[in-house]
Structure formats: structure tokens, C-alpha cells
Amino acid sequence: MILWIKRCARIVAMLCFFVIFFMGLDPHDLFNPDIVLISFIKAFGLSMLIWIGAFILADILFKGIIEDIELKTIDILDEGLSQRLREQKKSMSIEPAEVQVTDESTSSTQESS
């Protein structure tokens, strides 16, 4: 699931980077190094902020949508990773041994009488 969240955030950030970069260029002098550098810095900074925001929003949306999906379907979407983890936890679980608890104070009073 985190893979899809990262992909969505990356796509949105790259799209915003190119839009902001090309909108910041001067149409009359496209190769002016000062304007290109300023436009690149603006686009890079804003795309980083947009990536963080898109990552958070995608995380909220995907987790909200996927919580309504059955486990069998999630296993298919997650490429079986969560299923393997569940099976591994089951196989590694240790069952508590039965311990017989005796009350020593009652047994010592019974022996003395």
C-alpha cells in the first residue's frame, strides 16, 4: 500500500514541478540563466511541499478506502506480503505452557496438623 501512496505522491509532485517550472519561464527569453534558475528553485521547492501534502492525503485516502476491503482482496493488492506476515506470526506464536499453581501456605498447614 505504501508503494501506491509513494507513486501517487511522486506523480502529483512531478506534474506540479513541470507546470510551475514552465509557467515561471519568460516566454520572450527562454534561455536566460537567471530566470531559469529562479524558476527551477521555485518549482523544486513547491514540488517538495506538494509531495509531502500529496503523500499525507494519499495515505489518508488509501487507508480509508482499503480498510473497507476484505483481507483476501488486500492480499492480492499487497502482493501477498501481509498474508505472509500473518502466516509467519501464526507459525512463530508460542502457546503458554500450563502451569500448575499450588498454594504453599495451605499445604504447609495441612502437613503440620
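Predicted model only: the values in this text are computed from it and were never measured.
For residues 52-61, every residue pair satisfying the side-chain hydrogen bond (donor to acceptor under 3.5 Å, both in side chains) rule, not counting sequence neighbours, is listed here: Asp59-Lys63. Judged as a ring-ring contact (aromatic ring centres under 6.0 Å, His included), the pairs with a partner in residues 34-60 (not counting sequence neighbours) are, in order, Phe17-Phe40, Trp51-Phe55.
Shown here are the side chain to side chain contact (heavy atoms under 4.5 Å, CB included) partners of Ile41, two or more places apart in sequence or in another chain: Leu37. Residues meeting the side-chain hydrogen bond (donor to acceptor under 3.5 Å, both in side chains) test with Asp26, sequence neighbours left out: none. For Phe22, the side chain to side chain contact (heavy atoms under 4.5 Å, CB included) test picks out Phe18, Leu25, with sequence neighbours left out.
In this structure, Leu61 stands alone, with no Ile, Leu, Val, Met, Phe, Trp or Tyr side-chain heavy atom under 4.5 Å from its own, directly or through other members. Annotation for Leu57: hydrophobic cluster partners, listed by chain and number, are none (ILVMFWY side-chain heavy atoms under 4.5 Å, direct or chained). Grouping Ile, Leu, Val, Met, Phe, Trp and Tyr residues whose side-chain heavy atoms lie under 4.5 Å apart, directly or via other members, leaves Ile11 alone, with no other cluster members.
Ser47 places a side-chain N or O within donor-acceptor distance of the main-chain N or O of Ala43, the cut-off being under 3.5 Å.
Each of Met48 and Leu15 belongs to its own hydrophobic cluster when Ile, Leu, Val, Met, Phe, Trp and Tyr are linked at side-chain heavy-atom distances under 4.5 angstrom.
The nearest pair of heavy atoms linking Ile50 to Val12 is CG2-CG1, 3.8 Å. Between Ala58 and Cys8, the closest heavy-atom pair is CB-CB, 4.5 Å.
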